[in-house]
Amino acid sequence: MMEPKILITKPSADYELIDSGNEEKLERYGKYILRRPDPQALWNKTLPETDWKNVDAIFDADRKIWKKKNESMQNEWQISFDDIKLNIKPTAFKHTGVFPEQETNWQFIKAKVQSQKSKEPNVPIKVLNLFGYTGGATLAALSAGAEVTHVDGSKSAITWAKENAELSGLDKKPVRWIIDDARKFVMREIKRGGKYDGIIMDPPSFGRGGKGEIWKIETDFIKLLEECSKILSEKPLFFLINGYAAGYSSNAYYNALKPIVEKYGGEFEIGELTIEESKGGRLLPCGIFARWSKN
């Protein structure tokens, strides 16, 4: 039986979860403080409402817009996680372009790539990032020395990821930016004989590819995993799956992933991704993960 872990993103110089509660969260991204909805925050807030009103912008869930309280606030700005720089641009979907809870997974990716590089410095490590969004995981792999193929069905997400690569000084590293449906890309890679040492995926519960392809996790997830098994190298390093709003347990992801990689040995980890409040110390649940890695 797998014992779930809780991975924690702690406050840092450029990011902190200041407070949460009553289905909202109060965060600092660099020099700006943002207030936005979060249905996971079912408890009461720690800080008084005066603190919650003292923000640079608040997301209006009814109108689906950000309301600036600080008129001098920029529309976009940069923050850093370790050596990765990311462009923050609050969107109409209440997102900011970065998921801070992924910091622990970025550290995992970097550690696996760096460890292998220390053993075989001249052997390329190829990583595939499916549903890559704005590229945090891609940048982590690139900064550690991997060659990365970044796939997303959204042209705007790919553009944003490229901006982040340039900000991080990684745009000249070996990376392919692919605007495509994840399953279609993997099917073509099977035909071409493409192989990867690491695979990362962050599948949504529902989505559309660049040409309107429908993605439904309940019907497409297992098929994608089985297809990915055909493009793993002979000695893969890791396989990482993230989950957000699909409503599944991390054990469900583990049960799906296990038959794909268990023949390689190694170890599995499953659990929750969380962010620790800087004031109250509570953990805000932000998603689930299942990951396998070679010892």
Side-chain angles (χ1 to χ4, degrees), residues 2 5 102 104-132 135-152 161 165 170 172-178 180-203 215 217 220-243 250-271 288-295:
M2 286 295 293
K5 294 184 175 182
Q102 288 295 330
T104 49
N105 275 332
W106 299 338
Q107 292 167 347
F108 165 85
I109 294 164
K110 290 175 70 173
K112 295 304 173 185
V113 174
Q114 288 170 344
S115 176
Q116 186 62 24
K117 275 291 183 182
S118 69
K119 298 172 188 174
E120 298 181 296
N122 298 320
V123 178
I125 297 172
K126 295 187 176 182
V127 173
L128 174 62
N129 187 10
L130 298 170
F131 311 99
T138 292
L139 302 185
L142 283 174
S143 69
E147 299 177 6
V148 185
T149 299
H150 176 110
V151 181
D152 198 283
L170 298 169
K172 305 302 182 187
K173 297 291 185 178
V175 56
R176 292 193 297 162
W177 306 104
I178 310 292
D180 203 353
D181 173 77
R183 283 197 63 199
K184 285 186 175 181
F185 175 80
V186 172
M187 292 297 290
R188 283 198 297 274
E189 283 294 82
I190 292 171
K191 292 180 181 179
R192 290 188 288 244
K195 297 293 181 182
Y196 295 90
D197 305 298
I199 295 180
I200 305 158
M201 65 170 66
D202 197 346
W215 164 272
I217 196 166
D220 294 317
F221 177 59
I222 292 297
K223 293 175 184 176
L224 179 59
L225 281 182
E226 291 172 347
E227 289 153 2
C228 282
S229 71
K230 299 174 184 177
I231 60 172
L232 281 170
S233 65
E234 292 183 1
K235 297 180 180 180
L237 298 178
F238 66 87
F239 202 126
L240 167 62
I241 308 172
N242 293 300
S250 59
N251 261 301
Y253 280 8
Y254 164 69
N255 290 339
L257 178 61
K258 187 171 182 282
I260 304 300
V261 293
E262 62 181 343
K263 66 181 180 181
Y264 301 106
E267 61 183 14
F268 291 89
E269 295 175 291
I270 64 170
I288 60 172
F289 74 94
R291 62 194 192 190
W292 167 88
S293 62
K294 189 67 176 175
N295 292 334

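All values derive from a computational prediction rather than experimental measurement. Throughout, residue positions are numbered sequentially from 1 according to the sequence presented. Only heavy atoms go into these numbers, but all of them, side chains included; no hydrogens, no water, no symmetry mates.
In this pair, Phe238 and Phe108 present their aromatic rings perpendicular. The plane angle is above 60°, beyond the 30 to 60° band.
At least one donor-acceptor pair closer than 3.5 Å links the side chain of Lys294 to the backbone N or O of Tyr264.
Listed by first and then second residue, the side chain to side chain donor-acceptor pair (under 3.5 Å) pairs that reach into residues 119-131 are Gln116-Glu120, Asn129-Thr138, sequence neighbours excluded. Residues in residues 191-203 take part in these salt bridge (charged side-chain N to carboxylate O under 4.0 Å, His left out) pairs, two or more places apart or across chains: Glu189-Arg192. Within the structure, salt bridge (charged side-chain N to carboxylate O under 4.0 Å, His left out) contacts touching residues 226-236 (residues at least two apart or in different chains) are Arg183-Glu227.
Taken from CG in Leu240 to CG in Leu130, the straight-line distance is 11.0 Å, to the nearest 0.5 Å. Going from atom CD1 of Ile270 over to atom CZ of Phe289 covers 7.5 Å, rounded to the nearest 0.5 Å. Rounded to the nearest 0.5 angstrom, Phe185 CZ and Thr149 OG1 are separated by 5.0 Å.
With sequence neighbours left out, Tyr254 forms a ring pair (Phe, Tyr, Trp, His ring centres under 6.0 Å) with Phe268. Ala146 meets the side chain to side chain contact (heavy atoms under 4.5 Å, CB included) test with Val113, Ile125, Val127, Ala141, Val148; sequence neighbours excluded. Every residue was checked against the side-chain hydrogen bond (donor to acceptor under 3.5 Å, both in side chains) condition with Glu147, not counting sequence neighbours, and none meets it. For Lys5, the salt bridge (Lys or Arg N to Asp or Glu O under 4.0 Å) partners two or more places apart in sequence, or in a different chain, are Glu269. Ser229 pairs by the side-chain hydrogen bond (donor to acceptor under 3.5 Å, both in side chains) definition with nothing, not counting sequence neighbours. Remark: Ser143 engages Asp83, Lys110, Leu170 in a side chain to side chain contact (heavy atoms under 4.5 Å, CB included) (not counting sequence neighbours).
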